[in-house]
Amino acid sequence: MNIRLIIALIFFILLDIYAFQAFRGVTKTMSPDLRKVLMFGYWGISALAYLLAIAMMANIITDKNHFLTIYGRTFLMILFLSKLCAFPILLIDDVRRGFLAVVNYFMVEKSFNLSRSKFLSGVGIFLGTAPIVALTYGALRNPYRYRVHRSNIFIDGLHPDLEGFKIVQISDVHSGSFVFKEPILNGIDLINKEKADLVVFTGDIVNYKADEMDGLYEIFGKIQTPYKTVFSTLGNHDYGDYYKWDSKADLDRNFEKIKGIHKTLGWDLMLNEHRILEHKGAKIGLIGVENFSALPQFPKHGDLTKSVEGMPPTDVKILLSHDPTHWDFEVNKNHQDINLTLAGHTHGFQFGIEIPGWIKWSPSQFVYKQWAGLYQKGAQYLYVNRGFGFLGYAGRVGILPEITTLVLTGRK
């Protein structure tokens, strides 16, 4: 077993015991029979979680048990986060009790009740229950609830033949996370209904391994585009770096197979290179870089200078770059002739609140300056797609899977 996983399991058990104190306090006034049922339910669910975690650590449940792997991880994540959310309130209550115990110690008459606060315990239970409800709903209802996000991209002096030119972007498929195939077809239908002039994919076709796409080629091969191909690039997961390979040769073979996925689909994979596309009388410069991140934990395979080398003049330049941090790091500093950059990567953390015109919040914003939607600096635009698939947690809360439609216009 991995020592880190063992430490995580021990931490989870200690957290479970700690959270149970609040649960026990809140149920104290209930009837004995109901209390027994609730206690049995609490520890029964926890025991199931421990057995599931141990089975995963011991490789009894492996990638071959796809349903159990995906939803087992989600189940563990929901339980862990729910109890973690209750932790700060319980800690506040224990600090309060500790302070009163010290005061009581120096008093002649012991006047302070040192038992747990029923109010704070109730707040802790509520904060622990809310994530269970939200995350369970997000896993059951939202993984395949594709939404089309539409924006106009104003380009001053846009060639008349590019007026209304429609780009559809998808990103972060993460094929290894899909359990059900049929609902994916709904997303493909939405893509095709947009009747795009250009369809692009901005990386992370898999989680780790090329064989995750097995059984999905026919589905993604249904995407329709006038150019008879989807133009694509790579994301950080496409390099296979997050899987423990037996050898460097196995890693390299997997990477070649991942590049082969695009070929099998009939997609045009751009690896630090560009394409010149013609639309009526206009020319589009489409640039595709390999993954490049300004953050140290992600790979830097992208070479934008190489990508545009020898590129002739065009009427508009569009860059496909998986990680949005690339935009501030290099694009809008050294390549100001690139009108539009398309990225993904963040998934919007698959969790947040978005109410157009009022609020847009996600934990993602504490890591990424640009994390979802359209951004502008001067005459340059960045669009960050919220992701077509999901990773880790098999669901979404507030940040639904996205299909992006961008329309070029020269009219304000």
Side-chain angles (χ1 to χ4, degrees), residues 8-9 11-30 34-35 37-50 52-53 70-97 115-145 147 177 346-356 358-368 371-372 386-387 390-402:
L9 180 61
F11 176 75
F12 184 79
I13 293 171
L14 293 175
L15 181 64
D16 216 353
I17 294 170
Y18 192 59
F20 179 70
Q21 306 309 312
F23 187 81
R24 185 173 61 179
V26 168
T27 60
K28 191 177 291 185
T29 57
M30 296 179 180
L34 177 58
R35 198 167 185 234
V37 170
L38 292 174
M39 297 293 176
F40 179 81
Y42 182 97
W43 286 115
I45 292 172
S46 293
L48 178 62
Y50 301 145
L52 190 60
I70 298 300
Y71 283 102
R73 287 172 183 165
T74 297
F75 173 61
L76 291 173
M77 188 178 297
I78 290 172
L79 277 186
F80 176 76
L81 287 176
S82 66
K83 288 162 186 175
L84 194 62
C85 286
F87 177 78
I89 300 300
L90 300 181
L91 186 61
I92 289 171
D93 194 18
D94 281 338
V95 170
R96 175 192 68 85
R97 293 167 66 204
S115 63
R116 280 196 174 274
S117 162
K118 190 172 182 180
F119 170 74
L120 288 177
S121 293
V123 172
I125 291 295
F126 172 78
L127 290 178
T129 303
I132 292 179
V133 174
L135 293 172
T136 301
Y137 174 82
L140 295 176
R141 180 74 176 91
N142 293 337
Y144 304 94
R145 282 183 67 196
R147 290 292 181 267
S177 297
T346 72
H347 302 205
F349 270 39
Q350 297 170 210
F351 181 89
I353 303 171
E354 285 192 279
I355 302 175
W358 186 50
I359 187 170
K360 180 180 174 182
W361 178 90
S362 164
S364 186
Q365 68 192 53
F366 300 117
V367 180
Y368 299 98
W371 59 273
R386 294 162 179 82
F390 48 88
L391 182 67
Y393 166 58
R396 288 173 175 265
V397 178
I399 308 290
L400 297 179
E402 176 177 3

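Just so it is clear, the values below take in all heavy atoms, side chains as well, and ignore hydrogens, waters and symmetry mates.
Atoms CG and OG, on Leu391 and Ser177 in that order, are 5.0 Å from each other to the nearest 0.5 Å. In this structure, CD1 in Ile353 is found 5.0 Å from CD1 in Ile359, a value given to the nearest 0.5 Å. In this structure, CD on Gln365 lies 11.0 Å from OG1 on Thr346, to the nearest 0.5 angstrom. Put simply, CD1 on Ile45 and CZ on Phe75 are 6.5 Å apart, with the number rounded to the nearest 0.5 Å. Here the straight-line distance linking atom SG of Cys85 with atom CD1 of Ile132 works out to 9.5 Å at 0.5 Å rounding. For the atom pair OG (Ser82) and CZ (Phe87), the distance works out to 14.0 Å, reported to the nearest 0.5 Å.
In this structure Tyr368 satisfies the ring-ring contact (aromatic ring centres under 6.0 Å, His included) test together with His345, sequence neighbours excluded. A search for ring-ring contact (aromatic ring centres under 6.0 Å, His included) contacts involving Phe23 returns Tyr42, not counting sequence neighbours. Checked against salt bridge (charged side-chain N to carboxylate O under 4.0 Å, His left out), Arg386 has the following partners two or more places apart in sequence or in another chain: Glu354, Glu402.
Contact check for Tyr144 versus Leu400: no side-chain heavy atoms found under the 4.5 Å cut-off. Counting only heavy atoms from C-beta outward, the side chains of Ile399 and Arg396 approach each other to under 4.5 Å.
The aromatic rings of Phe11 and Phe80 lie tilted to each other, with the angle between the two planes from 30° to 60°.
The stretch residues 11-27 participates, sequence neighbours left out, in these salt bridge (Lys or Arg N to Asp or Glu O under 4.0 Å) pairs: Asp16-Lys83. Residue pairs satisfying the side chain to side chain donor-acceptor pair (under 3.5 Å) criterion with at least one member in residues 86-95, sequence neighbours excluded, are listed as follows: Tyr18-Asp94, Asp93-Arg96, Asp93-Arg116, Asp94-Arg97, Asp94-Arg116. For the side chain to side chain donor-acceptor pair (under 3.5 Å) condition, the pairs that include at least one residue of residues 129-142, sequence neighbours left out, are Asn142-Arg145.
Here the closest non-hydrogen pair linking Ala139 and Thr74 is CB-CG2, 4.1 Å. The heavy-atom pair separating Ile89 from Gly124 by the smallest distance is CG2-N, 3.8 Å. Closest approach of Val397 and Leu135 over heavy atoms only: CG2-CD2, 3.9 Å. Of all heavy-atom pairs spanning Ala53 and Leu9, the tightest one is CB-CD1, 4.1 Å. Nearest heavy-atom pair, Gly348 versus Ser362, reported as atom, atom and distance to 0.1 Å: O-OG, 2.8 Å. Taking all atoms of both residues into account, the shortest heavy-atom contact from Pro143 to Gly138 is CD-O, 3.4 Å.
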Practice task
Could you walk me through whether Phe12 and Tyr50 pass the side-chain contact (heavy atoms from CB on, under 4.5 Å) test, one step at a time?
Solution key: CA-CA 9 Å; Phe12 184 79; Tyr50 301 145; 3.2 Å; yes

Exercise for the section: Step by step, work out the side-chain contact (heavy atoms from CB on, under 4.5 Å) result for Leu38 and Met30. Expected result: CA-CA 10 Å; Leu38 292 174; Met30 296 179 180; 3.4 Å; yes

Practice task
I would like to know whether Tyr71 and Leu52 meet side-chain contact (heavy atoms from CB on, under 4.5 Å); could you show each step before the answer?
Solution key: CA-CA 11 Å; Tyr71 283 102; Leu52 190 60; over 6 Å; no

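Judged purely by atom type and a 3.5 angstrom limit, Tyr393 has no side-chain atom pairing as donor or acceptor with the backbone of Phe351.
For Trp43 and Phe20, the gap between ring centers is short of 6.0 Å.
Remark: Phe366 CZ is packed, more than 12 non-hydrogen atoms of other residues, nucleotides or ligands lying under 6.0 Å away.
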